[in-house]
Amino acid sequence: MRGAILFHIFLGILAWLCDSYVKADDPSRFLTFVVEYGEIAPLGVRQRGILINGQFPGPTISCVTNDNVIINVINNLDEPFLITWHGVKQRKGSWEDGVLGTNCPIPPNTNWTYKMQMKDQIGTYNYYPSTLMHRAAGGFGGLNILRRPLIPIPYPTPYGEFTLIINDWWNKDNKVLQQILDSGETFPHPDGLLINGLPKSTTFTGTKGQNYLIRVSNLCLVSSINFRIQGHTLILVEVEGSHTLQESYESLDIHPGQSAAFLLALNATVKDYVIIASSRFTKPLLNATATLRYEGSNTPASGLWPPAPPAYHWSMRQAREIRWNLTANAARPNPQGSYHYGTIPIVRTIVIANSPALINGKERYALNSVSYVNPSTPLKLADYFNIPGVFVLNATKDYPTGSPAVLGVSVFGFSLHDYVELVFQNNENTLQSYHLDGYDFWTVAFADGQWNTSMRKIYNMEDATTRNTVQVYPNAWTAILISMDNKGMWNLRSAIWPRRYLGQEAYMRVWNIERSLYTEYDIPDNAILCGKAKQ
Ligand SMILES: *[C@@H]1O[C@H](CO)[C@@H](O)[C@H](O)[C@H]1NC(C)=O
Ligand SMILES: *[C@@H]1O[C@H](CO)[C@@H](O)[C@H](O)[C@H]1NC(C)=O
Ligand SMILES: *[C@@H]1O[C@H](CO)[C@@H](O)[C@H](O)[C@H]1NC(C)=O
Ligand SMILES: *[C@@H]1O[C@H](CO)[C@@H](O)[C@H](O)[C@H]1NC(C)=O
Ligand SMILES: *[C@@H]1O[C@H](CO)[C@@H](O)[C@H](O)[C@H]1NC(C)=O
Ligand SMILES: *[C@@H]1O[C@H](CO)[C@@H](O)[C@H](O)[C@H]1NC(C)=O
C-alpha cells in the first residue's frame, strides 16, 4: 500500500517534470489565425463571410503526431468567438477544446492562444467555429495529422495528398440564419454544396501512374453526402484516425462531422474527371463538383456521372461493412487489434433519444427530454473552481423517459476508465449524426427499430472501427462503446448544426478524485475567466 502511494507520488512528480501543455522535446508549430469578416460569393451571391487570414475556407493545418500546435486566434468579429478542433483528442483535459462548456469565448477585438499537443493520433480532422451560427459563414478548414517518420502506415506512401472540405451553403448571413432559429422558424434548405469553397471549379492535378491520398471532411451543417470520382474507384484507408480494411468503393457516404481518407490510383486515360459530392436523403438533391486533372490533360471531363446509390438501407449496409484493420497500426506502433475492446466489461449503459420539443412556444431539440442551454460559466471552470449552481451531475436520465422536454444543463458523470455502452435511439424520420470531443469510440452496431438489451448479440465485438462522429439512421439506432480514459469535460453534440444550436447536446464529465498532472493538465495560465468564475 505504502509502496503504491510512493509510486503514485513518483509518477506524479515525473508527470509534473515532463508534462506541461507543450512539450519541449517535441517540435512546435506556431500559427496565427486572424478571424475577420470579408465579402465572398461562393454561389455567385455576394455576402459576408468569416475569413481566416483572408481565406475561405481557412488554411489547412498540417502537422505531425506529437507536435505542439500553438495557435493565436485573433477575433476581429463583432461577437464572442471560439474555434473547436474536431477530432483532436486533447489528451489530459478539455482546456483547449474550444466549446462553451470548457472555454469562455474570445471577446471581440481580443485574442487568445490555444496550446495543444497532437498526442497519439494521426489522420484526417478539421476545425470550425463552435459559437452561435458562425460556421455558416466560414471560419473552418482541414487539420491533417501526419505520421511520425518512425511509424509505418498500412499502405504505400502516397505521391501526393488532396484535402477536400465539403460544406453546404446558404445565400444568407449567419446572423440571419441564427435569427431564423432564435425565432423558432423552420431552418431553410441549403442553396448549394461546396468543395473547398466552390460549387464546381476546384481543380486537383495529379500525375498518371501515381497514388494520391484524398482526405475528405464533411463540414456540412445539415447534409450527408455521397462522394465519388468518375472513372475511378476509391480505396478507403482511414476514417477519423482509424485504419480500415482497405476495400474498394464506387462511392462512400460521409455524414455531417465525419471524415475519410482514400487512396486513389491515377491509372486511367490522361484527361479530366469529375469529382462529385451530392447530398443524400433530402430533396432537392444538391451537387458540388470538382475536377481531377491528369497532368498534361487538354480534355475536359465528359460522359455520365457515376450515379448516386439508393438511400438508407444501402447506406446502413455500407456503414456495417467498414471494418478495422486489426493488424495495422494507427499513431502508435502496436496493432489496433491489440486492444480487445469486445472483451471489456460494460459498467454503464446509456440510451439517448433525440426529439423535437416545443418549449416556451419555440421549436427546440432535446436529448432524453433535456434541451441544453449554455450556462454563462463554462462547466469546466465551474468544476475546477468548485462553483455551485452551474450544473448538477446525472440530472438527465440514462434512458429516455418520454416526459415533456425542459431546458437544462445535461452533464453525465463518469469515473476515469469507465467502459460505457451508449445507444443513440432515433425515433424521428431524419438522419442524426453525433460527435464526441476528446474521444474515439467503437461503432459496434447500426440497426432499424427500437434497441433493447437482446440487440447486443448483433454487435460487432471484433473489428468495428473507431470514429469520433457517428450517424444514426431514421427510425433506427446506433450503438457505440467508449473507454472513458481521457479526463475532462467533453461535449457530445448533434453534428446537425441547427439542432445543436437549439439544444441537442450534452456533456460528459470524466473525473477521478486524484488531482494529478499525470491524468489531467492544470488550468492554462492564459485561461479567460467569465461568468461566476470571474467574480
Ligand atoms: C495576443 O497576441 C499577442 C501577440 O500579438 C501575444 O503576445 C499574446 O500572448 C496574445 N494573448 C493571448 C491571451 O493569447
Ligand atoms: C492491414 O494492415 C496490414 C499491416 O499494415 C497491411 O499489410 C494489410 O494490407 C492491411 N489489410 C487490409 C485489407 O487493409
Ligand atoms: C486502377 O487502380 C485500381 C485501384 O488500385 C484498380 O482496382 C484498377 O483495376 C486499376 N485500373 C487499371 C486500368 O489498371
Ligand atoms: C444532382 O445530381 C443528381 C444525380 O446524382 C441529380 O439527380 C440531381 O438532379 C442533381 N441536382 C442538381 C441541382 O443538379
Ligand atoms: C452519475 O452516475 C454514475 C452511474 O450511475 C455514477 O457512477 C456516478 O457516481 C454518478 N455521479 C453522481 C454525482 O451522482
Ligand atoms: C427486443 O426486441 C425484439 C424485436 O422487437 C423482440 O423480439 C425481443 O423480444 C426484445 N427483447 C427484449 C429483451 O425485450
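Note that ligands are numbered from 1 as they come in the structure, with each ligand's atoms numbered from 1 the same way. Every value quoted in this text rests on a predicted model; they were computed, and no experiment measured them.
Proximity annotation for atom 6 (C) of ligand 3: of N211, L264, N267, N267 comes nearest, heavy atoms only.
Ranking the protein heavy atoms by distance from atom 7 (O) of ligand 3 puts T233 OG1, 4.0 Å first. Closest protein heavy atom to atom 14 (O) of ligand 6: N452 ND2, 3.2 Å. What sits closest to atom 13 (C) of ligand 6 on the protein, heavy atoms only, is S454 OG, 4.0 Å.
Taking any N or O of N394, backbone or side chain, at least one lies under 3.5 Å from an N or O belonging to ligand 5. Not a single N or O atom of T453, backbone or side chain, sits closer than 3.5 Å to an N or O atom of ligand 6.
Near A265, meaning under 4.0 Å from one of its heavy atoms, ligand 3 places the atoms 2 (O). Taking every heavy atom of R348 and a limit of under 4.0 angstrom, the matching atoms of ligand 5 come to 2 (O), 3 (C), 4 (C). Near L393, meaning under 4.0 Å from any of its heavy atoms, are these atoms of ligand 5: 13 (C). Residue-ligand proximity, M455 to ligand 6, at heavy-atom distances under 4.0 Å covers atoms 2 (O).
In this structure, a donor-acceptor pair under 3.5 Å is absent between the side chains of T299 and D272. Inspection of the Y459 and E421 side chains reveals an N or O donor paired with an N or O acceptor under 3.5 Å. Counting only N and O atoms by type, the side chains of N334 and R332 include no donor and acceptor under 3.5 Å apart. A donor-acceptor pair shorter than 3.5 Å can be found between the side chains of T466 and S242. Judged purely by distance below 3.5 Å, without hydrogens or angles, the side chains of E462 and N460 never pair a donor atom with an acceptor atom. Residues T244 and E238 have side chains that never bring a donor and an acceptor to within less than 3.5 angstrom of each other. Side chains of N512 and K487: a donor-acceptor N/O pair is present below 3.5 angstrom, by distance only.
Ring geometry, Y473 versus F281: the interplanar angle exceeds 60°, so the pair is classed perpendicular (tilted spans 30 to 60°). In this structure, Y339 and W442 have parallel ring planes: the angle between them is below the 30° cut-off, well short of the 60° mark.
In this structure, atom 11 (N) of ligand 6 has a protein heavy-atom contact shorter than 4.0 Å. Inside a 4.0 Å radius of atom 2 (O) of ligand 5 there is at least one protein heavy atom.
With a heavy-atom cut-off of 4.0 Å, Q450 does not touch ligand 6 at all.
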